[in-house]
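First the proteins, then the strands, lettered A, B, ... as listed; each starts at 1. Since this is a predicted model, take the numbers as computed values, not measurements.
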2 protein chains.
Amino acid sequence: MVNQKKPDKMMNKQFATVGSSTYQRIKHDIIFGDLKPGAKLKLEGLKQRYSTSSSTLRETLNRLASEGFVEAPEQRGFFVTPVSREDLIEITELRVLLECHALEQSIENGDTDWEGNLVAAHHKLHLMEQRLLSGDESEKELWKRYDWEFHLAMIEACNSKNLLSLHSTLYDKYLRYQMLVLTYRGDVAVQEHKAMFDAALARDASKAKQLLEEHIRNGLEHTLAAM
Amino acid sequence: MVNQKKPDKMMNKQFATVGSSTYQRIKHDIIFGDLKPGAKLKLEGLKQRYSTSSSTLRETLNRLASEGFVEAPEQRGFFVTPVSREDLIEITELRVLLECHALEQSIENGDTDWEGNLVAAHHKLHLMEQRLLSGDESEKELWKRYDWEFHLAMIEACNSKNLLSLHSTLYDKYLRYQMLVLTYRGDVAVQEHKAMFDAALARDASKAKQLLEEHIRNGLEHTLAAM
DNA sequence: ATTTACAAGAATTTCTGATATTTTTAGATT
DNA sequence: AATCTAAAAATATCAGAAATTCTTGTAAAT
């Protein structure tokens with residue numbers, strides 16, 4: 001007999017509650033630019049757009065405000081956090097600091113599972129990059145997902161939930177800037193990924209860190225130039 | 001509790017809205033242990049305790065959840081985030097990483113205002129430490145405020161709002177652990193503060209970083225031993 | 001004795017609607 | 001152009017109720 005505990009709930013497993021679904025959707029729309037930087041977020045409008053009530057919306061917006069995707073000046077409502085060159089530079093510097101540190105720890109602690117996961121993540125990213133190089137730019141979201149999963153796989157064995165959590169938020173903030181300029185660095189980025197991947201598997205933490213730092217900084221230059 | 005003073009025209013209004021006041025109060029009660037780690041936060045009870053409605057409370061708890069002071073498992077309500085040795089170690093490592101980096105930047109960029117602020121902050125901290133050494137442990141909140149203001153003054157010229165914001169949250173999390181064991185390291189900490197202060201004023205970034213790292217790690221050992 | 005099943009009760013999530021307060025706007029005045 | 005004020009818009013807060021989910025105690029089954 002197949003063991004199916006709760007077949008009816010498994011369908012809606014993706015987003016259990018209206019609250020978390022709304023959170024995901026608004027965050028997505030901010031990161032992918034559907035909600036423009038600086039835009040006023042009027043409760044009335046959002047109620048319509050996301051088919052939900054003001055209580056749920058205010059909870060969501062408060063969460064996003066505390067993460068830095070939304071600004072909530074006292075008694076003046078909510079705004080999408082504006083973008084700026086300075087902010088992008090700050091975000092990037094922090095990402096270099098945290099991600100490099102996490103990478104070092106991860107390379108030190110990573111076990112066989114970590115390696116396996118990393119190989120898989122790099123493979124999937126590489127396949128996607130081939131498609132992008134051949135001109136198929138149709139699936140930006142998928143591309144960024146694989147990029148995220150690769151970077152996460154690299155640092156996942158760092159042994160610090162707090163660090164992974166901070167890094168995840170930073171990555172999302174960086175991602176918004178990337179989506180804003182919306183260009184692909186092409187073959188260069190592919191090679192950088194491959195080099196980092198090799199250094200990590202070879203457990204060469206020092207080299208991996210250096211490559212990662214260059215990779216992130218190159219991305220910054222590319223994005224700054226396009227702003 | 002970390003408290004930014006706002007030199008506004010309306011100083012008499014400590015907290016403008018019910019929401020922000022409730023936020024401050026609950027955060028304070030978590031950090032200072034009035035709301036115990038792991039405790040269930042029942043809406044009914046909180047409504048009474050903080051004299052506010054469930055909407056406002058849910059907004060507040062969502063914010064605190066996103067900062068990591070509260071856990072909000074889906075459809076099971078809210079809990080004060082539990083404590084653990086591992087978490088304390090993670091927090092400490094992150095604080096070393098971020099605060100040392102910020103200190104380096106700050107020493108590099110700090111101008112005359114920065115120096116003046118730092119001198120003042122260290123002076124106030126030092127006065128308070130003298131009182132503590134002479135046995136007057138009556139004002140722990142004040143002591144921690146001066147400690148915070150000193151550490152903040154050290155890194156305030158780092159030129160990164162994002163970094164200062166992350167650091168502030170980390171400091172608060174670390175503070176909860178300190179308040180949990182509630183002991184004073186005494187003369188040793190006083191000397192560490194003085195040495196860091198001198199190195200920072202002398203613009204010796206490398207030495208200041210090293211001293212800061214030791215200072216934070218010594219605090220960790222002290223807290224771990226008392227847990 | 002331990003596990004399973006299920007119904008009653010408790011708690012949470014979500015929504016509606018109402019009120020007080022504050023901010024924004026638009027028009028009038030200087 | 002700058003300022004003031006009244007009206008309109010938006011926000012913050014609250015109370016309460018419906019729907020859903022979780023918890024728990026008790027009975028039934030293994």
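- What separates CG of B:L43 from C1' of D:dA15 is a distance of 14 Å, to the nearest Å.
- Rounding to whole angstrom units, CG of residue A:L57 and C1' of D:dA10 are separated by 14 Å.
- The phosphate of D:dC14 (OP1 or OP2) has a side-chain N or O of B:T52 nearer than 4.0 angstrom.
- Within the 4.0 Å cut-off from OP1 or OP2 of D:dT11, at least one side-chain nitrogen or oxygen of A:K40 is found.
- The nearest whole Å value for the distance from the CG atom in A:L61 to the C1' atom in D:dA12 is 14 Å.
- If you look at A:H167 and A:H101, their ring centroids are not closer than 6.0 Å.
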Problem set entry | Stepwise salt bridge (Lys or Arg N to Asp or Glu O under 4.0 Å) test for B:R217 and B:E93 | CA-CA 8 Å; B:R217 290 239 158 81; B:E93 288 303 318; 2.7 Å; yes
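- B:E90 places a side-chain N or O within donor-acceptor distance of the main-chain N or O of A:N162, the cut-off being under 3.5 Å.
- The nearest whole Å value for the distance from the CD atom in B:Q48 to the P atom in C:dA11 is 13 Å.
- The CG atom of B:N62 sits 13 Å away from the P atom of C:dT12 (whole-angstrom rounding).
- Closest approach to the A:R58 side chain among C:dC15, C:dT13, D:dT11 is made by D:dT11 (side chain taken as heavy atoms from C-beta onward).
- Spacing between atom CD of B:Q75 and atom P of C:dT12 amounts to 12 Å, rounded to whole angstrom units.
- Both tests hold for A:K40 against A:F79: distance to the six-membered ring centre under 6.0 Å, angle to the ring axis within 45°.
- Residues A:K27 and A:E67 form a side-chain contact, since some pair of their non-hydrogen atoms from C-beta on lies under 4.5 Å apart.
- C:dT13 atom P lies 14 Å from atom NZ of B:K42, rounded to whole Å.
- Within the 4.0 angstrom heavy-atom criterion, no nucleotide atom of any strand lies near B:S54.
- B:I155 CD1 to B:Q105 CD: the interatomic distance, rounded to the nearest 0.5 Å, is 11.5 Å.
- Residue contacts for B:K47: at a heavy-atom cut-off of 4.0 Å it reaches no nucleic acid atom on any strand shown.
- Note that the two end axes of the helix from C:dA1-D:dT30 to C:dT30-D:dA1 enclose an angle of 30°, each drawn from 5 base pairs, rounded to 10 degrees.
- The nucleotide whose nearest atom lies closest to any side-chain atom of A:R76 is, among C:dT23, C:dT13, C:dC15, C:dT23.
- Figure legend: A:R63 and A:Y23 shown as a cation-pi pair, the cationic atom lying under 6.0 angstrom from the six-membered ring centre and within 45 degrees of its axis.
- Summarising the geometry, the separation between CG on A:L46 and C1' on D:dA10 is reported as 13 Å, rounded to the nearest angstrom.
- Residue contacts shown for B:T56 are limited to sugar-phosphate atoms, with no base heavy atom under 4.0 Å away.
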